[in-house]
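In each ligand, atom 1 is the first atom listed, and ligand 1 is the first ligand listed. Quick caveat: nothing in here was measured; it's all calculated off a predicted structure.
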Amino acid sequence: MFSGPMSFDILIRNGQVLDGTGAAARVADVGIHGAAVTKVGWIRTSEAERTIDAKGKYVAPGFIDIHTHSDVGILVEPTAECAVRQGVTTHVIGNCGDSPAPISDEYRELAAHRFEYYSKAGDWKWSTYAEYLRFIERQGVGINIAGLVGHGAIRLAVMGFEERPPTGAELDSMKGHVDEAMRSGAFGMSTGLVYPPGCFAAAGEIIELAAGVARHGGFYASHIRGERETIVDAVKECIAIGEGAGCAIQISHNNPKYGGLGKAQEIQKLWESARARGVDVLADNDAHTDFGPPLSHALPQWSQKLGANDLLGLLQDSEKRQELKAEIMADRTPGAGYVGLLVHERFDRIWLLRCPSDPSKEGLTIATLASRRGVDPWTVYFDLIVEEHDRAVGLFDYMDLEEIKSTLRHPLVMICSDGWVAPKEERTSPTAPYQPCTFGEFPGILQRFVVEEPVLTLENAIHKMTGMPAARLGLGDRGLVRAGFAADLVVFDLPRVRDRATNLWPHTYPFQNYPHDFPEGIDWVLVNGQLAVEDGRPTESLTGRVLRHPGKSGESIRPRPSGRTGISRQGRGRRSKSRRPRSPEPVLGTRSMG
Ligand SMILES: [Zn+2]
């Protein structure tokens, strides 16, 4: 690679290198030149602008978070400090059907409402997926970003929140958006089949769209149609969609939620039998049992489009309350996982995190508050939304920790956070959203599931955070510590690794790790060869890149092998490692930025 004596910009010496393949650690030096690792092994020269002594520490590929919701957060907080402080160097965005692009003029307001929380990101200045990616690029990013296009965003851009199948023309328009996104560098398409408008789409519609993803060699990621009572059927549907479209499948955060607890083994068998017939299916999961949404988010999907005033008006009508309760309990269009606690009336597992109007309620469960008030818990639940002007936030503890461990151990499962890049002030504010996954997911796995309890071996945990998601994404030059690969690296001191963002159920109040703190023991992090964390301190560097899916290189030009009728399903899901020049971006209409 180099003529003459080798020199490095950064030399990481004597670390125990976990290469990301799942192989055991071995002591080696890692030499970095520019944005790439140029040598791994025993390096004799001491010529380097900077030398990091990693003796006694581990050196691993930067963690790749396959499932995040950083779509707008990365614009608010481009340094992504909450990610790099964990050793995470790449976020996959656009999950659960939600991406901020495409956006149509017709439904722009409705689309903006979906990301309302980050309204400080400013005006929505993009329409197409390509424009959105360029917008991120212009801002600069501290981590690499790999995008999925959300089916929900596409459906919304074409037909708003219409609860019906698309017309032929609408379906064609949606296909056009898929194609535009894939040609612009999206890695695939996601669905969120419990959220509006994804929940209004039948499998046939999604197969048609996913076929467009498959043509570009991308993958289909899904928050399936119910992760509780219907989880088995929902997994079957997800696999049928991928199989029908000839598309690789990533089943998102696929651990059973309350109402479906105990079904992990049954769904694991479905993944395995699909693999056995050549379907490229993988899954991911995070390690937290709880989630902290506003109480109103557990109400039926159609109510999510109501403004606060309309919602409060609705809840002041006792007849409407009865209808809402009946609709939630009937659960005909399954809501998100945590809604299972309402369906099964487990108000003892819904704990009040924030009640800004009357904080004395914080730290109580809905069940406790109901007995104190001498009313039934449903009344308290609805009352709280009204009393707190829709600012009441609950902590829904809706998963089983033992089952999460069994999911994480499964060889087809990689580790994700399901978190997002959060603005700095969110971490320290007493009214910060509860988001342990955003600040502590990866160190939490290392601390609790590798060191404190041997759920995963260290090398397997690292593989599930690096080489495995990189392979799913088709990134031929990331996810491993190897010469020629991008210098996305993390150096950590395993015995010192602490997650300072997670609080385990059953809760005591006040919390030990809330507001959240950054983890400890993640000492050095490099993003494309530049330091993002320097001896435990963030550098606020912006050396991340907006990654573009390499496309289906090779297959389109390689002649079909003789004696075979076509490319196997498994082969279709795998992408070649070489990159090809991007095709020119198509122009959709006359919309422009700003
Ligand atoms: Zn989801």
Side-chain angles (χ1 to χ4, degrees), residues 65-73 91-100 114-115 117-118 146-156 187-201 206 210 219-231 234-235 237-239 241-242 249-260 264 267 281-294 297-298 301 304 331 333-341 396-399 403-404 407-408 413-422 433-438 441 469 472:
D65 192 340
I66 192 81
H67 189 100
T68 82
H69 296 280
S70 301
D71 307 73
V72 176
H91 268 192
V92 177
I93 62 171
N95 279 289
C96 300
D98 258 339
S99 59
R114 285 159 81 78
F115 291 93
Y117 184 74
Y118 290 105
L148 301 172
V149 65
H151 160 259
I154 289 176
R155 200 177 208 270
L156 194 151
F187 286 75
M189 179 181 79
S190 75
T191 54
L193 302 182
V194 297
Y195 303 118
C199 61
F200 308 138
I206 303 166
F219 65 95
Y220 171 64
S222 184
H223 179 147
I224 58 175
R225 207 181 300 271
E227 301 178 295
R228 305 182 266 110
E229 298 78 358
T230 61
I231 191 168
V235 168
E237 182 197 50
C238 182
I239 291 171
I241 288 170
I249 304 159
Q250 181 76 18
I251 313 184
S252 302
H253 44 58
N254 198 208
N255 194 68
K257 316 299 190 288
Y258 199 90
I267 60 175
V281 57
L282 294 170
D284 52 66
N285 211 63
D286 75 287
H288 291 93
T289 60
D290 53 12
F291 188 61
H297 283 201
Q301 289 99 334
Q304 307 300 317
D331 201 32
T333 307
Y338 55 89
V339 180
L341 295 184
F396 293 66
D397 193 76
Y398 64 115
M399 273 177 273
E403 199 161 36
I404 285 179
T407 297
L408 290 179
V413 175
M414 61 194 87
I415 291 161
C416 71
S417 75
D418 202 6
W420 55 88
V421 166
Y434 186 76
Q435 42 192 345
C437 48
T438 286
E441 187 69 43
R472 163 49 85 222

Aromatic contact, Y258 with Y398 (centres under 6.0 Å)
no

Donor-acceptor side-chain pairing of Y220 and T191 below 3.5 angstrom
yes

Considering only N, O or S atoms, which atom of H223 is nearest to the Zn ion (ligand 1)?
ND1

To the nearest 10 degrees, could you say what angle the Zn ion (ligand 1) makes with SG of C96 and NE2 of H253?
110°

Does the side chain of N285 come under 3.5 Å of the side chain of H253 through a donor N or O and an acceptor N or O?
no

Measuring to the Zn ion (ligand 1), does H67 have an N/O/S atom at a distance below 2.8 Å?
no

Could you point out which residue of E403, E229, E227 forms a salt bridge (charged side-chain N to carboxylate O under 4.0 Å, His left out) with K257?
E227

